[in-house]
*Asks:* 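Mind having a look at this structure? Questions to follow.
Note that this is a predicted model, so its numbers are computed, not measured. Note that the numbering runs from 1 along the sequence shown for the chain.
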Amino acid sequence: MERTRRTDAVLVIGLGRFGSSIALTLEGLGTSVLAIDGREDLVQEHAGRLTHVMQADATQPDVLTQVGAHDFGMAVVGVATSIESSVLITANLVDLEIPVIWAKAVSSAHGKILERIGAHHVVYPEADAGKRVAHLVNGRLMDFIEFDDEFAIVKMRPPREIQGLTLAQADIRATYGVTVVGVKTPGRDFTYATPDTLVAEGDVVIVSGHTALIDKFSARR
């Protein structure tokens, strides 16, 4: 008989900055979380912040079975300081046939190993954060989110050459290869972009497109 797994709950393994942030955010969104970590101090630190948290060594298959890991439909492996532990934990979850496994990696080699043993999603939080901050530090962008296929969505001030024009007049997609998704005018609500949307000097625009093209577009002042 196929096991019925909990689709309304997430198992989070590792209570470092990455894992604890995910666990706390998920609970804040109303998702049930079981958070486990091998370190007693981290478990005690989060005992009053998370509803379900326990100390357990997830590198041991029998321990995961005892905590009921096999009942979860999704798991997050936030352990990465020890690559060996990260790989062992992920392999244990794969053996338990957890349907969706997210795992943190600290390098491309680490991520490749996690993918090969069966992790469904591998994330690189340090590298992603560094790249995002780099785009913000140069002052061109107000916010930056990049996806796996080098597609990004950014918040930025409009270049001078399109100020005072409607999106149809500026013909941004044909000219620059990017798309203006929406426009926020000071004192007004955010509006989705249409061909008749007028872009003014003080506006903030939400732009989507290939990362390299957005970088070129944002460099136009």
*Asks:* Apply side chain to side chain contact (heavy atoms under 4.5 Å, CB included) to A91 and list each qualifying residue two or more places apart in sequence or on a separate chain.
*Replies:*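 Partners of A91 by the side chain to side chain contact (heavy atoms under 4.5 Å, CB included) criterion, ordered by chain and then number, come out as I117.
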*Asks:* Do Q55 and I36 have side chains that approach each other closer than 4.5 Å (heavy atoms only, starting at C-beta)?
*Replies:*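 Of all side-chain heavy-atom pairs linking I36 with Q55, none is under 4.5 Å.
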*Asks:* Under the rule for ring-ring contact (aromatic ring centres under 6.0 Å, His included), what residues qualify as partners of H52, not counting sequence neighbours?
*Replies:*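 Counting only residues at least two positions away or on another chain, H52 forms no ring-ring contact (aromatic ring centres under 6.0 Å, His included).
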*Asks:* Evaluate the side-chain proximity of I153 to V181: yes if any heavy-atom separation is below 4.5 Å, no if none is.
*Replies:*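 No, too far: nothing below the 4.5 Å cut-off.
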*Asks:* Taking atom CD1 of I214 and atom CZ of F144, what is their separation to the nearest 0.5 Å?
*Replies:*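 It comes to 7.0 Å.
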*Asks:* Do V180 and I206 have side-chain heavy atoms sitting under 4.5 Å apart?
*Replies:*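 A side-chain contact under 4.5 Å is absent here.
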*Asks:* Would you say that H46 contacts S20 through its side chain, given a criterion of any heavy-atom pair below 4.5 Å between the two side chains?
*Replies:*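 Answer yes - side chains close enough.
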*Asks:* Rounded to the nearest 0.5 Å, how far does NZ of K184 lie from CE of M142?
*Replies:*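 Here the rounded value is 10.0 Å.
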*Asks:* Hey, could you give me the CD1/CD1 distance between I22 and I13, rounded to the nearest 0.5 Å?
*Replies:*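 I22 CD1 to I13 CD1: 12.0 Å, rounded to 0.5 Å.
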*Asks:* Do the side chains of D37 and R39 get close enough for a salt bridge, i.e. N-O under 4.0 angstrom?
*Replies:*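 No salt bridge links D37 with R39.
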*Asks:* Kindly indicate whether the side chain of V33, heavy atoms from C-beta on, has any atom under 4.5 Å from the side chain of T51.
*Replies:*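 Not in contact.
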*Asks:* Do R220 and Y176 have side chains that get closer than 4.5 Å, going by heavy atoms?
*Replies:*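 R220 vs Y176: side chains touch.
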*Asks:* Determine whether I172 and L167 make a side-chain contact, defined as any pair of heavy atoms from C-beta on separated by less than 4.5 Å.
*Replies:*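 Yes, close enough: below the 4.5 Å cut-off.
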*Asks:* To the nearest 0.5 Å, what is the distance between CD1 on I101 and CG on L11?
*Replies:*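 Between I101 CD1 and L11 CG, I get 10.0 Å after rounding to 0.5 Å.
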*Asks:* Please test H70 against T65 for side chain to side chain donor-acceptor pair (under 3.5 Å), starting from the C-alpha separation and ending with a verdict.
*Replies:* CA-CA 6 Å; H70 46 273; T65 300; 4.6 Å; no
*Asks:* Ignoring hydrogens and angles, state whether a donor on the side chain of D57 or T59 is under 3.5 Å from an acceptor on the partner side chain.
*Replies:*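 Yes.
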*Asks:* CH2/W102 to NE2/H121 distance, rounded to the nearest 0.5 angstrom?
*Replies:*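 So the CH2 of W102 and the NE2 of H121 are separated by 4.5 Å.
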*Asks:* Does any donor atom in the side chain of D203 or T185 lie under 3.5 Å from an acceptor atom in the other side chain?
*Replies:*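 Their side chains do contain a donor-acceptor pair, which is all the 3.5 Å distance test asks for.
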*Asks:* Nearest 0.5 Å, please: how far is CD in E27 from CG in L50?
*Replies:*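 So the gap between those two atoms works out to 5.0 Å.
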*Asks:* Can you confirm whether R49 sits close enough to L24 that some side-chain heavy atom of one is under 4.5 Å from a side-chain heavy atom of the other?
*Replies:*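 Sidechains of L24 and R49: in contact.
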